[in-house]
Each structure stands twice: as structure tokens, then as C-alpha cells.
Peer 1: 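Sharing a structure with you now.
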There are 2 protein chains.
Amino acid sequence: MSSPQPRATVTMSDVAKAAQVSLGTVSNVLNHPERVRSEVRERVLATITRLGYVRNSAARTLAAGGSNTVGYVMVDIANSLYTDVARGAEDVTSSSGMYLVAANAGVRGGTPRQAAYIDHFIEDQLQGILLAVFDNDVSGAERIRRAGGRVVLLDVATDVDVDACTVRIDYELSGYLAAEHLLRQGRRRLAFVGGLREIHAVARRLAGAERAVAEHGGASIEFLPSGDLQAEDGRAIAHRIASRSRAEAPDGIVAAADLVATGLMQALLPEGFRFPQDIALIACDDNQSGRDNAVPLSTIDLPGYAVGQAGMNLLLDEIRNPEHVHRRVVLAPGLSARESSVGRERVGRER
Amino acid sequence: MSSPQPRATVTMSDVAKAAQVSLGTVSNVLNHPERVRSEVRERVLATITRLGYVRNSAARTLAAGGSNTVGYVMVDIANSLYTDVARGAEDVTSSSGMYLVAANAGVRGGTPRQAAYIDHFIEDQLQGILLAVFDNDVSGAERIRRAGGRVVLLDVATDVDVDACTVRIDYELSGYLAAEHLLRQGRRRLAFVGGLREIHAVARRLAGAERAVAEHGGASIEFLPSGDLQAEDGRAIAHRIASRSRAEAPDGIVAAADLVATGLMQALLPEGFRFPQDIALIACDDNQSGRDNAVPLSTIDLPGYAVGQAGMNLLLDEIRNPEHVHRRVVLAPGLSARESSVGRERVGRER
DNA sequence: CTGTTAGCGCGTTCAT
DNA sequence: ATGAACGCGCTAACAG
């Protein structure tokens, strides 16, 4: 903190002088209190508050050769998945006596800002970095490792190859749970709506949904892709569905994302489709944007908090355990059944 | 970053040696490129990448006497208001060439964790700190200033007295806009539901609602308080409302928070109340939890992004402008009308 | 248990 | 334009 009013910064040796002890003793009071006689300790502590001394963590980090802080770089703080991760990570971090600082690259900032923050954290001598980046971009993780740092990759694709721990969400299971839920409601003509096969998470969800259908005789599923996963994509596909005969319309829909589901509902309700009577609808992830839905939306919930916890535990192990070996953790999503798929009477949470 | 495999860290003098120049020249290449002949500059840069040199920001901060980073401490990353603030602040920060790091104290962490992060940031020699804390707790801001640091207080009460810039949200206007919106829909028996007068934001909202009613002849408003602002509080009050005769039930409700509104709806719909036909409902802030509503909820939106921008601009001015004087900025909320207050046909955004 | 000292890695004077 | 030397504030050895 540079002083607004050029007030001379109080250093440890100022404290030492004022407390009539040596520099090393002050350092000991701060870092190894048990090594100092309590009488002296009290005197030093009193002097510290009297003078308003504050540690300089730059000097501290430099001399000690490392900080007691870990970092978390996220692509989008507006996405609740990543804030859930932050809470999970923070709770683990603080209960282990360290500090967690976060940086938000932001979807609009794109890869450059992401890379800038990664570099910034690398230069900060952090103990380790939690990285939640775009699908398969491991370049940041590689830079961290090249610089000799520790990193745990969060929410990556199944097939990434990195020299680091990873925590993934089982998106295939997302799709499976969603479709299986619809099948259990007696739906047979399913549709998977939204996204492109090229998008890893979408492809996995679709695969999961198809697996559920395959396990279930007499049911079918079609893929209705869209370029993006916004509400307007949902509306566009809704119009295609509405133009069919009722007998050809799906009676169960797995939306690739909740905004897509919102769009579907917005455009299908005015066409006379009822949820869930005509179509049971469930969205494959829950990014807090479903608030405008006329009918509460069933969703597959992402285990963000658990991802944060697991990631930080992995990182702490790498920091503290000399025998640490990298691990890949996979976490399961859960089903939150709401009215859009089961009607008002049977709402609840399953697994 | 301490090295997992004890790989000797590459320092500037390593680079200097390898590039056949002196330490000072390498420093100049990094900090004042124009002072160095381009030929030499290229050679140094090449050596840097070849050796995988990364700056040590601890040493840098120590020698330079300050970092190029600002901090943001928030009470609750799960509250969208604070992530909106983060985005606004981040966009201003990065477009001015600095870095923003955030720390989440967390509601569960409480004041101690908040204080810990503030101290941590103080010790980090940051250029300044953005603080979004509990209502009136200025102790953190005071500690920062005592340590000679810069701070901007966000989302504070009207009457706080601090030696710092502040950015506030006009909660009184929130209540006013909400009530005025209901009155415009022809509602006359209003109720303000949820919270305690002791809570600053609630008191202001209630005052605003009362002002709107006072300006409007023939209308009345009653205050139905609750201990907290959760959905269950809304449900509890709903039962009190349902036990009245229909003629005595309000025809317009301002909920102090959107969870309260959700609770109201949950308990009132089964009693046969329709929204907005019987009761027009609007919530006074929008913390992303309204997703479970059967009817899309009208809300007063908090200008979080603008708060972040304004706050960071204030902080940057304090950092760069020697003639900086503290200012108090007040930002206005906006009305998002949805079906819970106006029915399906006239939904839109006003001001 | 206490005091002394040598760096940690880098930015910034100065001379050249 | 370039290089040598000093010090930022602190930690961790070590000596006493």
C-alpha cells in the first residue's frame, strides 16, 4: 500500500528499536511466538499496535521463498457453477489456514485476459493455482508447470492430457439422468435440444441421453442441434417442433442448457403446449437463468461446490505431501425434479 | 511458485549472463524497452523465453515499492449483486492495465474472515481495495486507511462516516419504484412484506414505498415484518394473509427480497390467489433465486455492474490523481416488470 | 532464548 | 546506451 499521505512506513526494525529488542526477535514474535519469552512478546506486540506496523508481504514472500496463498482463475464469475466452485475452494482453503484469491478472466475478456491472470498468479509465487478454463485449453496449466508451479485443472474434458490433477463433472451422466428421468415418467419420443456435437459437454450429455434410451426398449431420441445455447436458440427449435403434427412432436425434451429450455417454453406455451402434460422438459445444467420460466424447470444440478472442495484438497495435498501423485476426480451431477417434468404433485430431488 | 521438483529458479541475472548483458539491461528491457537498443532487446527477450524466466513479483513489488494490483473483498460470492460488482470493477480495471484480485469472505465466514482478507490485502501492498461489506461495518475501511492504503466502500448505508469514497445504491428509490409500479396498475391496498425496520436496506425500501403511497391519494400500505428474508418467512406471512377475508387481503405486495416473494407465491397459490389478478407482486431485489416461481417475478434490479465500475473509477482516480477528493456516488435501481405484477401481456422494462 | 548477519530478486540511481 | 552498486523489508541461519 503506497501511502496517500507520504507517511513513512513503519518497518520491523522500527518496531525493534522502539521495543528495545533486535530485529530477529520481532520476526520471531511474528513467526515463531513460542520461541520468545512471553514478557518480551507482549512488549513487542504492544509496540506493533502502537506504531501501527503492518507486515510487508512482498518482503516476506521474497525472504521466505513463497507465500501462503493459493489462486483461483475462473472464466466467468457470472456463471454460478464457478462461484459454487469458489465457495467450495474457499471453505477448504480457509479451514487449512491459507488464503484464496480469485481472478475473473470473464467470457468477454477471452483467452488473453485469462492468460494474463495466470501469468500474474505465477509471478506472485502462489503455492498453487486452481484453474477453471475453457473446455480443453491446457496451455495455462502447462505454463504454470513449466514455471515450476502447482496447478489443478477444473471442469476439463475427459481426454485432456496434462501433468496435473483434474476434477471433472460427469456430463455423460447428466444426459443419462435427464433422459432416464423422462423415460421414467413414461415418455417415449424424446428430443435432445440445443448445442453442437463439437462442444465437449454437449456431446457427452447427448451420449448419456442416448445411452439411457438404448437401455430402454421402445423409446427413441432425436438430436435437434443449434449454433449456440441461448434462449433464442431454444425459441428457434421450438418453432420447428410446433410446425410438426402433434403425434410427431416429442413428449419429452432434454435441453442442453437451461437457457435453451427457457426459450423452448417461451415459444411453445403460446402454441398450446403444456408442461409437463404435453412435453416433459428438463435442462441439463442450471446456470441460474431459469428464473423467467412460467413453469419451474427441472434441472440436472452441477456439483460446483464439491468440485471446488475436491480441487482444493488435491492442491493442498500436492503442496503438503511430498509423495503426492496426480489424480483425476470425477464428480456426479444430481437431478432436481420440478414441475416442468413431473407436474406440481411430485416435485423433489432424486439421485 | 516454489518448485515441486527443486528446479533452480531462473533469475534476472541468469538471463543477463546468458544474454551477455548486465542485470540492469535486462531490467530495462522489461520495464523501459525504449531505453535499450532493439538488437539487444531481441536478444534478451529470446533468452528470457529460452530459459523460461518468470518475473518474481514479490521482489518486484519490494524494490518498486508497490504493486499494480487492486483488490476486491466481497461478503458473499453467491449473491449475484457482488458478482455483478466484480464484473464491473474487472472491466474498468483491465482496461486500465491493472489487475484485480478478489477475495470472498463468505457469509458463513463472517466478520473474522472478512477482516483476515482485508489484512491480507493490506499486507500485499495493493494499490487500493474495493470493499463490499456488511451494512455499516467501516472498521475494515478504517484499518486500511490507518495502514496508509486506499479504499472505496461499496453498498454502504447512507449515514456512514468514513474517510473514503463510497458508492451506494438508492434503496429508498427501490421501494418507491416498486410501490409506484403497483399503484400504476391500479392497486390500492398495498403491503410491504418481509424484513425488519432495523435492517438498513429494508428500512429504506419501506420508506420509499410509503413515500409512493403518500403521493397517491386513496391508497394505503401496511408493513408485514419478518425476522429474516428467506422463503419460509414469505410462507409464514402468506398464511397470515390467507387467513383474512379477501376484502382485507392486499391487492399489491412489495416483497423486501425475492426469496420472500417466492415464499409468498408458494403458499398463496394453493390458497387460490392468482398473480397478478388477485395480487400484483414485485420483489425489491433480485438475487437470482426466483427461479422456482410459478409466475415470473417482477423485480427491482440492483445496478451491481455500475456499482463496480463506479467504485473502480473512484479508486483509480484516487490512485492517479494527486488532487483526488473523496466522493459519494449514489446509483439508481431499475424496474423489471414481469408477469407477477402485470400479467403476460405487458411485460417489459421501465424506469 | 536472544541478537547478528547474509541474502531473497529486482528497480534505480549513478557513473561511464 | 550500458553496467555496477545499493537497498527495498524481511526470514532463517547462526552465534552467543
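Throughout, a chain's letter reflects where its sequence line sits, starting with A, and its residues are numbered from 1.
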Peer 1: In whole angstrom, what separates A:Arg35's CZ from D:dA13's C1'?
Peer 2: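 Nearest whole value for this atom pair: 10 Å.
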
Peer 1: Would you say B:Ser13 reaches C:dC10's phosphate, i.e. side-chain N/O to OP1/OP2 under 4.0 Å?
Peer 2: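 Answer no for this pair, as no side-chain N or O of B:Ser13 is under 4.0 Å from OP1 or OP2.
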
Peer 1: Quick one: which of C:dG9, D:dC10, C:dT4 gets closest to the side chain of A:Met12?
Peer 2: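 Out of C:dG9, D:dC10, C:dT4, the nucleotide with an atom closest to A:Met12's side chain is D:dC10.
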
Peer 1: Go through C:dG9, D:dC10, D:dA1 for me and flag the one nearest to the A:Tyr53 side chain.
Peer 2: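 Comparing C:dG9, D:dC10, D:dA1 against the side chain of A:Tyr53, the answer is D:dC10.
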
Peer 1: Can you tell me which nucleotide in D:dC8, D:dC10, C:dG11 comes closest to the side chain of B:Leu62?
Peer 2: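 Of the candidates, D:dC8 comes closest.
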
Peer 1: Choosing from D:dG9, C:dT2, D:dG7, which nucleotide comes nearest the side chain of B:Ala63?
Peer 2: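 Closest nucleotide among those given: D:dG7.
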
Peer 1: What is the distance from atom CD of A:Glu90 to atom CG of A:Leu130, rounded to the nearest 0.5 Å?
Peer 2: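 Reported value, rounded in 0.5 Å steps: 11.5 Å.
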
Peer 1: For the pair made of CZ in B:Arg43 and C1' in D:dA1, what is the distance, rounded to whole Å?
Peer 2: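 One finds 13 Å between C1' of D:dA1 and CZ of B:Arg43, rounded.
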
Peer 1: Looking at OH of A:Tyr53 and OG1 of A:Thr11, how far apart are the two atoms once the value is rounded to the nearest 0.5 Å?
Peer 2: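 If I round to the nearest 0.5 Å, the distance is 7.5 Å.
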
Peer 1: Counting heavy atoms from C-beta on, name the nucleotide in D:dA12, D:dT11, D:dG9 closest to the side chain of A:Asn56.
Peer 2: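 Nucleotide nearest to A:Asn56's side chain: D:dG9.
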
Peer 1: From C:dC10, D:dT11, D:dG3, pick the nucleotide closest to the side chain of B:Val21?
Peer 2: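 From the listed options, D:dG3 comes nearest.
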
Peer 1: Rounded to whole angstrom units, what separation is found between the CD atom of B:Glu123 and the P atom of D:dT11?
Peer 2: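 These atoms are roughly 10 Å apart.
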
Peer 1: I want to verify a distance call: between C:dG11, D:dC10, C:dG3, whose nearest atom is closest to the A:Ser22 side chain?
Peer 2: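 Nearest nucleotide to the side chain: C:dG3.
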
Peer 1: Where the side chain of A:Arg37 is concerned, which of D:dG9, C:dT2, C:dC10 is the nearest nucleotide?
Peer 2: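 For the A:Arg37 side chain, the nearest candidate turns out to be C:dT2.
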
Peer 1: Mind checking the CD1-OH spacing from A:Ile122 to A:Tyr117? Nearest 0.5 Å is all I need.
Peer 2: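 Reported to 0.5 Å precision, the distance equals 15.0 Å.
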
Peer 1: Could you state the CD-C1' distance from B:Gln125 to D:dC10, rounded to the nearest angstrom?
Peer 2: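 For the pair B:Gln125 CD and D:dC10 C1', the rounded distance is 12 Å.
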
Peer 1: Output, in order, the C-alpha distance, side-chain angles, deciding distance and verdict of salt bridge (charged side-chain N to carboxylate O under 4.0 Å, His left out) for B:Asp317 and B:Arg150.
Peer 2: CA-CA 11 Å; B:Asp317 184 71; B:Arg150 305 181 188 89; over 6 Å; no

Peer 1: Show, in sequence, the C-alpha distance, side-chain angles and deciding distance for A:Arg60 and B:Glu123, and conclude whether the salt bridge (charged side-chain N to carboxylate O under 4.0 Å, His left out) test is met.
Peer 2: CA-CA 10 Å; A:Arg60 186 173 150 80; B:Glu123 298 178 3; 5.4 Å; no

Peer 1: Can a donor-acceptor pair be found between the side chains of B:Asp91 and B:Tyr305 at a distance below 3.5 Å?
Peer 2: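 Short answer, yes.
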
Peer 1: Without decimals, in angstroms, what is the distance between B:Asp14 CG and C:dG9 P?
Peer 2: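 Rounded to whole Å, this separation is 9 Å.
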
Peer 1: Using whole Å, what does the distance between atom P of nucleotide D:dT2 and atom CD of B:Glu39 come to?
Peer 2: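 The distance from CD of B:Glu39 to P of D:dT2 comes to 9 Å, rounded to the nearest Å.
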
Peer 1: If you round to the nearest 0.5 Å, how far is CZ of B:Arg328 from CG of B:Leu153?
Peer 2: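 Nearest 0.5 Å value for the CG-CZ distance: 8.5 Å.
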
Peer 1: Measure NE2/A:His32 against C1'/D:dC10 and give the value in whole Å, please.
Peer 2: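 It works out to 12 Å between those atoms.
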
Peer 1: Tell me which residues in residues 23-31 of chain A put a heavy atom below 4.0 Å from DNA chain C, sorted by number, or none.
Peer 2: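 When residues 23-31 of chain A is checked for heavy atoms under 4.0 Å from DNA chain C, the hits, listed by number, are A:Gly24, A:Thr25.
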
Peer 1: Closer than 4.0 Å, any side-chain N/O of B:Arg55 to the OP1 or OP2 of C:dC10?
Peer 2: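 It does not, given that no N or O in the side chain of B:Arg55 lies less than 4.0 Å from OP1 or OP2 of C:dC10.
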
